[in-house]
Amino acid sequence: QSTFKTMDFKLHQLSGSNLSSIFNASYIDAETTEDGTACVVKGDINLCVWASKEENLFRFYNQVASPDGITEEEAKRLGREINKRLNLTKAYLTGEKADDGDPIIGFEYDYVVFNHDTISAKTIIQLTRMVETSIKTSCQVYQELTSKTS
């Protein structure tokens, strides 16, 4: 059993490489970003994870192209609807476009860790799974919206 699973960390200890080690020790594929500040957890979705000591936040981020062929206004509406229904992650248009011109939707979740607090490796893994599930659920929101308008 990995010692990472039972360890508690202060935010300043959670570099990209330390995060990657925590995930990899838990049999979750992850790699450190080029700048070393974050890690990318690879799975059904790629989730960028990092600690922001300055803001007292442990952060999760993912971005996806909006469904094919929807307008920017429809993508904004989708983001608003996702935010109404999903309380864990927040969705927003990033202002960027995918190669095919579709708007890109960003998903974010911030977990507060105050200066004197720690976060355990187990909590990091559980939060990651919860965020992944929440982002995947956004597809169901889109399907419900489009089935109502058809």
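Counting begins at 1 with the first residue of the sequence.
Residues F58 and V49 form a side-chain contact, since some pair of their non-hydrogen atoms from C-beta on lies under 4.5 Å apart. The closest side-chain heavy-atom distance from I82 to T137 is not below 4.5 Å. The closest side-chain heavy-atom distance from S120 to F9 is not below 4.5 Å. Side chains of F23 and D29 form no contact here, defined as non-hydrogen atoms less than 4.5 Å apart. Looking at heavy atoms from C-beta onward, N56 lies in side-chain contact with N115 at the 4.5 angstrom threshold. Side-chain contact between Y61 and L47 is absent, with no heavy atoms from C-beta onward closer than 4.5 Å. Considering only heavy atoms from C-beta on, N62 comes within 4.5 Å of V64 through its side chain.
Remark: K53 engages no residue in a side-chain hydrogen bond (donor to acceptor under 3.5 Å, both in side chains) (not counting sequence neighbours). For T37, the side-chain hydrogen bond (donor to acceptor under 3.5 Å, both in side chains) criterion is met by D35, not counting sequence neighbours. With sequence neighbours excluded, the residues satisfying side chain to side chain contact (heavy atoms under 4.5 Å, CB included) with E73 are T71, K76, R80. By the side chain to side chain contact (heavy atoms under 4.5 Å, CB included) test, N87 pairs with no residue at all, sequence neighbours left out. Annotation: salt bridge (Lys or Arg N to Asp or Glu O under 4.0 Å) contacts of E132 (sequence neighbours excluded): R129. A search for side-chain hydrogen bond (donor to acceptor under 3.5 Å, both in side chains) contacts involving S134 returns T89, not counting sequence neighbours. Residues that satisfy the side-chain hydrogen bond (donor to acceptor under 3.5 Å, both in side chains) test with S66, not counting sequence neighbours, are absent from this structure. Evaluation of the salt bridge (Lys or Arg N to Asp or Glu O under 4.0 Å) rule for K97 yields E72 as partners, not counting sequence neighbours.
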Side chain to side chain contact (heavy atoms under 4.5 Å, CB included) assessment of L127 paired with I124:
CA-CA 5 Å; L127 286 169; I124 291 170; 5.8 Å; no

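One N or O on the side chain of T94 and one on the backbone of E96 form a donor-acceptor pair closer than 3.5 Å. In this structure, the side chain of T123 does not engage the main chain of I119 through any donor-acceptor pair within 3.5 Å. Checked by atom type and distance alone, the side chain of N83 pairs as donor or acceptor with a backbone atom of A91 at under 3.5 Å.
A salt bridge does not link E74 with R77: every distance from a Lys NZ or Arg NE/NH1/NH2 to an Asp or Glu carboxylate oxygen is 4.0 Å or more.
The side chain to side chain donor-acceptor pair (under 3.5 Å) contacts involving residues 42-51 comprise E31-K42, D44-K136, where partners must be two or more places apart or lie in separate chains. Sequence neighbours left out, not one pair with a member in residues 9-28 passes salt bridge (charged side-chain N to carboxylate O under 4.0 Å, His left out).
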What pairs of donor and acceptor atoms, side-chain ones from residues 103-113 against any protein atom, are under 3.5 angstrom apart with sequence neighbours left out?
{"residue": "E108", "atom": "OE2", "partner": "Y92", "partner atom": "OH", "Å": "3.1"}
{"residue": "D110", "atom": "OD1", "partner": "R59", "partner atom": "NE", "Å": "2.8"}
{"residue": "D110", "atom": "OD1", "partner": "R59", "partner atom": "NH2", "Å": "3.4"}
{"residue": "D110", "atom": "OD2", "partner": "R59", "partner atom": "NH2", "Å": "2.9"}

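Grouped with V40 in a hydrophobic cluster is no other residue, since no side-chain heavy-atom contact under 4.5 Å to another Ile, Leu, Val, Met, Phe, Trp or Tyr is found.
Contact record, I22 with A121: CG2-CB, 3.8 Å, taken as the closest heavy-atom pair.
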